[in-house]
Amino acid sequence: MTTDWSYEAFQDAGGHAHLNLDLNPDLNPSSVNSTSDELDSVFDFTQLQGKDAGQQFVILNHMMGKAVSIKEGAEAVLHGNSAQLTDALRNQVQSELNTAEGRIETISHRLEQHRRAADDRDDFRTILQQAWGHVKTLLSLSRAATSPSASPGASTPPQVISLHDPETNRARITAMTRLIGLLQRNLRVQYELDIVQVVRAVTPALSKHSTQLSRATAYRLLRHMLVDTESVKRLHEQPLDWFIVRSLALDNKHTVEKEQAIKLIRTIVTIGSRRKDSNHASSTGTVPLSERVVRAFIAVAEQPDDPFRSSAIQTLAEIMLIDVQCISMAGGMRVLLQTLSEGPPALAALLSPAFLYIIDSPSTRKYLHPGQDLEIALSGVTDAYGKDSEHQQRLKDICRSIVCMLRTWSGLMYFCMGDMRAIRSLIDTLRIPSLEPREIVLDMFFDLLNIKTPAWYNAFISGRRLTVYRKSRQVSQPNGSDTAVQQRQPEPLRLTDQYVALLLLIFTKAGLLEALTSMFQETTTGSNLSRKGTLLMAEVLQLANKVLPLSLAAKIQLVPDVFKLASDYKQGEHRIIGTSALSSIDSFNRNRTRLETAVAAAGNRPRANSVEDAIRRGQRQVEQVRIKIGFQMDDKTFQAALLETQVMLTKDHTKWNFETLQELVEGPLLNPKRMEEAIKLRFLKRLMTFFHPFTHRFSDIERNKGSMRWVKLGCTLLTMLLASSDGQRFLSLDDNLLKQLTRSFAQLDPFNGTPESDPIFSKKRVSETLTYGYLEMLGTLSKHKEGIELMEKAKLFTAFYHLSELRSREDLIKGIIENIDYSIDGHPRIVLSKALTSSYKVSTFVSSLIVVHIPYVQHIRLYATKHLSEMIMHSPTANTWTLRLLLTQLYDPAMEVRQLATQFLEEACESVDILRLVVAMQPTLDHLGDVGHGLLLKFMSTPVGFRYLSDSGYIDREMDIWFHERNIHYVVEIEVWLAKTMEFIPVDDEDDIQSFDGVVPPHFYGEMAKTELGCQVLHEKVHFPEFALFIRQHGHEKEDPELILKLKSILWTVGNIGSSTGGLPFLEEEDIIPVILEIAEQSLVLSVRGTCFFVLGLISATPQGAEILSDYGWEATLSPLGFPTGLCVPLDLDKFLSIPPWDPTPPSGDNDSRLVPPESQTEIEVTTAISNLSNTVIANTASRSLAKLKSRPEYERVFSSVPVFYRALHTISTSRYRQPVRRYVFDLFDIDLDEDVLRQLEESAKTLVLSASESAPSQPNGRVVSVLFAAPRAHGSESDEEDEPPPVPQHRPPVISLRPKSTIVGFRDD
């Protein structure tokens, strides 16, 4: 037994802490809870919020005093009165001591933080002054770096000496680090500092003379200065691009600097980017990065061994989603497409959704080349021929990516372009006989068509006969809740089925069945691969019957190629192949029907026409014969049977004959005469003594699979005793089983004196021995009225009520709830009701200073609510009392209980009878908020519920909310759910995906249209004409994302209204169906087409809607009884899937800038050779040429000229150069990139860049370069092989477009 206790900390006269232990069995729980709440409020750190520093110090000191008192008191109990403590009490006190020590540590940390903050805390003006002081320090270091040296005769320039000074670098790093600290501590400082001044102060730190740490710290400081778009804009105006370009070109020895540069770029993208503006239809968003920086960033993404390649690719993908023009202009599409094709798989999985987003809208997909770019993702499958076995894992990743693409409207319609050329190429890989990884491609089609393969498929693929297989154990024991749902409602409409129907039409039109037939012809004996192909064909035929209209399914069922092979009598091999395929398909269909019928019927009630009805009849006959024989047993035989059981001879149950004992209990003892004889012979008394708890015989048996038969025997024995008056009298007067059970439960009651050290129903005994069987035996008693009376007489229900208050034995309370039968009104239902409304707080024993918590592992009310819902779902009829109890849970103080009750009530309301009963009870659900939204929508679907909600004002209020806001939320939720269901986006929570399995979520307007009164209200509100008008006005919107989102929401609204018989007249009155069909076939936004596809499926859910759509070439799928299933597909696929062709937008650089041609012949040769470095065919030759040119004295001036350096930087910033080449160009010039050089580069840009209106002067005669050194095109193709000479210009072009003539620079023999 447990005893409530409390103890109190105090201090004696000497100031020493003690703890007064008080074992108080009469402790008032209400006072305990109230004291606990007061103590919790003492250590509530939220009370520090909104207080000034002084008040926080006072509160923390008060907390510290309380915590120290508790700690000292607990220590006094452990050291002073340890002999008086039980183990449980000692553990609780030790737990409180640990808690107090943890609180002291936390409070000490808070106090230290406050002291430190108090020491450093100043007002904002002081911190701002400190920040300006650091900026001034950086500016002074910059001026010191450019001031003349004190020694006029020094041979080294003074600037170089200063910049190489380690002390200056350290001082600069220290100042920048401290400034960063101030910016992190006080965000307001970031807004007050002038970013232009900060850039000017840190520019010397970015020079080549500075250390890597100095440059990295400078980038970090600039990153912390960016707080809004205005700060990014002002930073973009500063001449820092060349510093960033140089940092990105560095090798892996400079990872610290590159990391900070990349972080700066990512911050600029995150803060400074402007998303697509709805006010400018042609806008695709802008990213404040120049082309030179983006190209340098692309070079990082192209370098395989760069440690930041993955981050660079992800950043480029983010930029592409915001500003695809920026990536296209800089040639980044090539890099991203290559990564999509070649991996790594993690990056390819991230890039697939990005490209699909680009394809969706015409304003963004114009930057892709149709039929070329995205098809590169399929190359891993179509080019798999001849690859080794290591390619298979990569092929699996590619197929997974293809599945994701084909499960989106953008990917599906894009790959269907050009007469489904991409889809056909995938299917044609099945025709290659020597291609080993074809099984992976077959698995891809299984996945795409949502074909789930059970375990017996492996037997089919292996070539074994299916007729020897019978249903498994899982089949014989299906989930009860799933079975109940199937009984209540036919399989609902699923959006995924409609998408699979479209995929099935596309694949069959692209030649999937023909490709599978070609696989059959590879061998006459069959193989695992060909049998898997046969399996796919059989599944396709089955799926066609399920999801396609009859006219389309019949064409697929023909499989003419297979029948042609089977009927080919000229070539015997063909006939063998064809007949084998048809035989396998027929065997598969027959066995699948048999196995699936067993699954579906396993949990249903027995029917007269059931396949296993004969077996059940035979079992019942055997049972009746055995009972009849038992009743006719004579005296001698009965006495011999009693002796044979060994019950009368020994108490050792292991020596008992269990089979004979079971036969006696189930047969002869049901005869009142034999019952009376067994009682007189004391057989029953000896047998029942075995089950008594305090004999420790039955209750001490180890709980395992073999020993559970004794529990079953005990339940059968009680049922037998309750069947006769003698047995009832025996249980009531002569046997102590029920009385001992009452005493056993009383051992756990804290109000019944000193607790037992090892109670019968201890946690260990319940979990490890057959003690748990007593709960099942009590459940057997509760099934009978006489048993309930016996339990009442033994005061077992009183024990249950006391146990329900025992918070430490949740396992026992759950066992009672689970095993008690509630079919008879009375105490059992009261026990369940008490469990449903029990206190959910943790059990707490408290004194003035010390609190002991006994936490719940799981709330009893959650378990009781779940058990109640299972009872409702399994009940063949709707019971009012169970529904009332479940409705009570909707008002539970715990949110998780309310959510669970709401979820179960929604599932139960799928039954029309239950829904009517619940609506008749008129529960108030306003307090549930969004949790009860789905339940209220179900109420609306019935006339009584709609009238009830209308009278309460819910309809008018909710209708306005849906009209203005929730329609948008609906389309977002359903698109996210569809993406998760089709596995396009990862699922974080499995429960989330289970909440939406493809069934159309309820829509407010759709539920309203299901009742006559709802249609009347909808007509009065005049909302539908507004919906129709919006669709007509903006049905072909292709740019504005807000209008497109609203269009989708209204389309879903119209579709849900049209999915009911009462709502379809609204669509006919406005003649909106032809408009929706036109949008589905002509909209340039592919996701809008997909929305229309699903909406047309909703409209086809009624016979009238299906008939209307059939007139426009869209045919609905019908059930075997001729009713529409809500699936609808177009008869003309090309009309629905066709995308208007487009001309790819050619990339254009930053204002398409060109440079003034160089005047000097040496400059022409150097710049031309640099331009040739971009051509991989002649890059090595160009680099050797540059090395020779640099070694000559006459070229020394060129390689130290800032204008020529600018020409080189301009060249690598307007064309594709790999990272090592960029680094080589920077190292080629004897110029250190610093503040002065940066200023000269800006001046060179002003003088060398031609304006758009200017034309280049005529080309001077002189030495020219070879045709091998053709300059690359600045913004054209990004091909690696650019060896074609440019066309002859009509005017003198810039140097990078000069037409070479004859001489090869650097190839003359010296």
Side-chain angles (χ1 to χ4, degrees), residues 239 241-243 245-246 249 290-293 295-296 299 330 1149-1175 1178-1179 1182-1183 1185-1187 1189-1190 1192 1194-1218 1221-1234 1236-1252 1254-1260 1262-1265 1269-1275 1282 1286 1289 1292-1300 1305-1306:
D241 287 355
W242 297 125
F243 287 129
V245 171
R246 178 188 173 279
S290 62
E291 181 184 357
R292 61 189 71 163
V293 174
R295 284 188 177 271
D1150 291 339
N1151 301 324
D1152 198 18
S1153 59
R1154 296 182 300 167
L1155 302 183
V1156 175
E1159 300 292 338
S1160 168
Q1161 185 64 34
T1162 57
E1163 293 182 3
I1164 294 176
E1165 295 172 359
V1166 171
T1167 54
T1168 305
I1170 291 175
S1171 67
N1172 290 331
L1173 290 174
S1174 65
N1175 192 327
I1178 56 176
S1183 64
S1185 174
L1186 285 170
L1189 292 177
K1190 188 174 181 180
R1192 297 179 181 178
E1194 62 269 23
Y1195 288 89
E1196 182 178 354
R1197 183 188 59 82
V1198 177
F1199 288 102
S1200 60
S1201 171
V1202 174
V1204 178
F1205 185 45
Y1206 176 79
R1207 292 181 183 276
L1209 295 181
H1210 182 273
T1211 302
I1212 66 174
S1213 299
T1214 53
S1215 300
R1216 177 174 171 262
Y1217 285 79
R1218 294 190 177 273
V1221 179
R1222 290 172 166 272
R1223 188 161 53 249
Y1224 173 75
V1225 171
F1226 274 100
D1227 296 339
L1228 188 65
F1229 287 85
D1230 300 325
I1231 298 175
D1232 295 333
L1233 191 60
D1234 55 18
D1236 293 334
V1237 173
L1238 196 65
R1239 192 178 301 110
Q1240 296 178 43
L1241 288 174
E1242 291 299 314
E1243 295 175 357
S1244 299
K1246 296 177 182 179
T1247 57
L1248 295 179
V1249 176
L1250 289 174
S1251 62
E1254 287 185 273
S1255 59
S1258 60
Q1259 177 183 343
R1263 190 177 174 201
V1264 293
V1265 295
F1269 284 15
R1273 288 167 287 179
H1275 310 292
E1282 299 178 356
R1292 184 171 183 243
V1295 63
I1296 59 174
S1297 299
L1298 283 175
R1299 182 185 180 189
V1305 177

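Between Leu1186 and Ile1170 the shortest side-chain heavy-atom distance falls below 4.5 Å. By the 4.5 Å heavy-atom criterion applied to side chains, Leu1209 and Val245 are not counted as neighbours. Taking the side chain as every heavy atom from C-beta outward, Phe1205 and Gln1240 never approach each other to under 4.5 Å. Between Val1202 and Ile1231, the closest side-chain pair of non-hydrogen atoms falls below 4.5 Å. The shortest side-chain heavy-atom distance between Leu1241 and Leu1233 falls under the 4.5 Å cut-off. Put simply, the side chain of Leu1189 does not reach to within 4.5 Å of the side chain of Val1198, judged on heavy atoms.
Judged by distance alone, the side chain of Thr1167 and the main-chain N or O of Ile1164 form a donor-acceptor pair under 3.5 Å. With hydrogens and angles ignored, the 3.5 Å screen pairs a side-chain donor or acceptor of Ser1174 with a backbone N or O of Ser1171. Using modelled atom types, one side-chain atom of Tyr1224 and one backbone atom of Ser1183 make a donor-acceptor pair closer than 3.5 Å. For the pair Arg1222 (side chain) and Tyr1217 (backbone), a donor-acceptor distance under 3.5 Å is present.
We find the CH2-CZ distance between Trp242 and Phe1226 to be 7.0 Å, quoted to the nearest 0.5 Å. Atom-to-atom distance recorded for Arg1207:CZ and Ser1244:OG is 9.0 Å, nearest 0.5 angstrom. Interatomic distance, OG of Ser1215 versus CG of Leu1173, reported as 11.0 Å (0.5 Å rounding). Interatomic distance, Thr1214 OG1 to Arg292 CZ, rounded to the nearest 0.5 Å: 10.0 Å. Between atom CG of residue Asp1227 and atom CZ of residue Arg246 there is a gap of 8.0 Å, rounded to the nearest 0.5 Å. Atom NZ of Lys1190 and atom CG of Leu1228 lie 5.0 Å apart (nearest 0.5 Å).
The shortest heavy-atom contact between Arg1223 and Ala249 is NH1-O, 2.8 Å. Minimum interatomic distance between Ala1182 and Ala1169 (heavy atoms only, all atoms of both residues): CB-O, 3.6 Å. The two residues Pro239 and Glu1242 come nearest to each other via the heavy atoms CB-OE2, 3.6 Å. The shortest heavy-atom contact between Ile1212 and Arg295 is O-CD, 4.4 Å. Closest approach of Pro1158 and Glu1163 over heavy atoms only: CB-OE1, 3.4 Å.
Residue-environment remark: CD (Glu1196) stays at or below the threshold of 12 foreign heavy atoms within 6.0 Å.
For Arg1197, the salt bridge (charged side-chain N to carboxylate O under 4.0 Å, His left out) criterion is met by no residue, not counting sequence neighbours.
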